[in-house]
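These notes concern the structure reproduced below.
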Amino acid sequence: MPALSPSDRRSSRGISPVVGVSLLVVIVVLLAAMVGVMVMGFEDVLSEPQPQVSFDVAYHPDGPGNGANGAYINITHEFGSIEDGSQVFVADDANNRIAWEDVWTGGETVGPAGEYAHIDGAGSDSALRPICEAGQHYRVVIEHEDGSSSVLVDYEIPTDPTSTSAAC
């Protein structure tokens, strides 16, 4: 094999870096295009994330201190924050509902720990059915701006109440 002259060696070495840089640019452009297509393609699939909140439900079957309204539940906000009480609803199993902010113990925001909704189907929450028997369901639901909704609490009355409202 004939020996290469110094000028031949330089010319063959110069091609390698140019090819390497060109391939790197092509790979970066293709990756950017793929990421762009993926982001645009998933735009319709993305939805409002479920809020990170916790509620506790306390059932009072004998209705202590609730007058003639009978059994009740207190749905207490334990942690997390939902700013707008007009987007959070308490609903019963007959699809009656009331906004959190419209329950007399609720507020414009669902936020501070310890805030609760007193549900007995009378007074400010008379849109809901009173607690008359075991098996009734009450839910806390948030409605997102995109029209979707998420159930935050689904509570089933575990036993028949010992004190019922006259509406039962």
Side-chain angles (χ1 to χ4, degrees), residues 29-168:
V29 168
L30 287 174
L31 283 174
M34 286 175 44
V35 168
V37 167
M38 288 175 61
V39 168
M40 294 300 180
F42 288 126
E43 183 176 311
D44 297 335
V45 178
L46 298 176
S47 64
E48 196 74 28
Q50 175 119 353
Q52 298 299 313
V53 295
S54 176
F55 292 90
D56 180 50
V57 182
Y59 173 51
H60 302 276
D62 54 350
N66 202 28
N69 294 334
Y72 64 93
I73 59 174
N74 283 337
I75 304 171
T76 305
H77 178 252
E78 290 185 323
F79 71 86
S81 179
I82 304 171
E83 298 301 323
D84 192 352
S86 68
Q87 292 180 316
V88 178
F89 295 88
V90 179
D92 61 21
D93 49 7
N95 291 324
N96 300 314
R97 66 185 201 153
I98 185 167
W100 183 275
E101 68 180 2
D102 294 334
V103 177
W104 72 272
T105 53
E108 290 182 8
T109 61
V110 180
E115 180 179 281
Y116 68 96
H118 175 91
I119 305 298
D120 60 9
S124 64
D125 60 302
S126 61
L128 303 175
R129 292 179 44 210
I131 299 170
C132 298
E133 61 189 3
Q136 287 180 259
H137 280 265
Y138 293 88
R139 296 176 312 280
V140 176
V141 178
I142 184 168
E143 291 186 353
H144 305 289
E145 292 177 7
D146 65 2
S148 65
S149 63
S150 301
V151 176
L152 304 175
V153 174
D154 187 357
Y155 184 76
E156 181 178 348
I157 302 300
T159 61
D160 284 330
T162 55
S163 173
T164 57
S165 124
C168 289

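This structure is a prediction, so every number in the text was calculated from the model and none was measured.
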Modelled atom types, side-chain donor and acceptor of Asp146 and Ser148, under 3.5 Å: yes
Taking the side chain as everything from C-beta on, heavy atoms only, tell me whether Tyr155 gets closer than 4.5 Å to Tyr59. yes
Would you compute the distance between atom CG of Asp120 and atom OG1 of Thr164 and round it to the nearest 0.5 angstrom? 12.0 Å
Pairing donors with acceptors under 3.5 angstrom, does anything connect the side chains of His118 and Asn66? yes
Report the distance from atom OH of Tyr72 to atom OG of Ser163, rounding to the nearest 0.5 Å. 10.0 Å
Exercise: identify the closest heavy-atom pair between Ser149 and Val141: CB-CG1, 3.9 Å
Is there side-chain contact between Ile75 and Tyr116, with at least one heavy-atom pair below 4.5 Å? no
Just by modelled atom types, is the Pro130 backbone N or O under 3.5 Å from a matching donor or acceptor in the Gln136 side chain? yes
Got a second to check how far His137's NE2 is from Asp92's CG, nearest 0.5 Å? 11.5 Å
Hey, are the side chains of Ile157 and Ile73 touching, using non-hydrogen atoms and a 4.5 Å cut-off? yes
With the side chain counted from C-beta on, respond yes when Gln87 and Glu145 share a heavy-atom pair under 4.5 Å apart, and no when they do not. yes
Shortest non-hydrogen separation from Ala117 to Thr105 and the atoms involved: CA-OG1, 3.3 Å
Can you tell me how far the CD1 atom of Ile142 sits from the CH2 atom of Trp100, to the nearest 0.5 Å? 11.5 Å
Main chain of Ala134, side chain of Asp160: is a donor-acceptor contact present, judged purely on distance under 3.5 Å? yes
In the structure I gave you, are the side-chain heavy atoms of Val90 and Asp125 within less than 4.5 Å of one another anywhere? no
Pairs involving residues 87-168, ordered by first then second residue, that meet disulfide (SG to SG under 2.5 Å) (sequence neighbours left out): Cys132-Cys168
To the closest 0.5 Å, what do you measure between CG (Asp93) and CD (Glu156)? 9.0 Å
Is the shortest side-chain heavy-atom distance between Arg129 and Asn96 below 4.5 Å? yes
Considering non-hydrogen atoms only, spot the tightest contact between Pro161 and Ile131 and give its length. CG-O, 3.7 Å
How long is the span from the CD1 atom in Ile119 to the NE2 atom in His60, to the nearest 0.5 Å? 12.0 Å
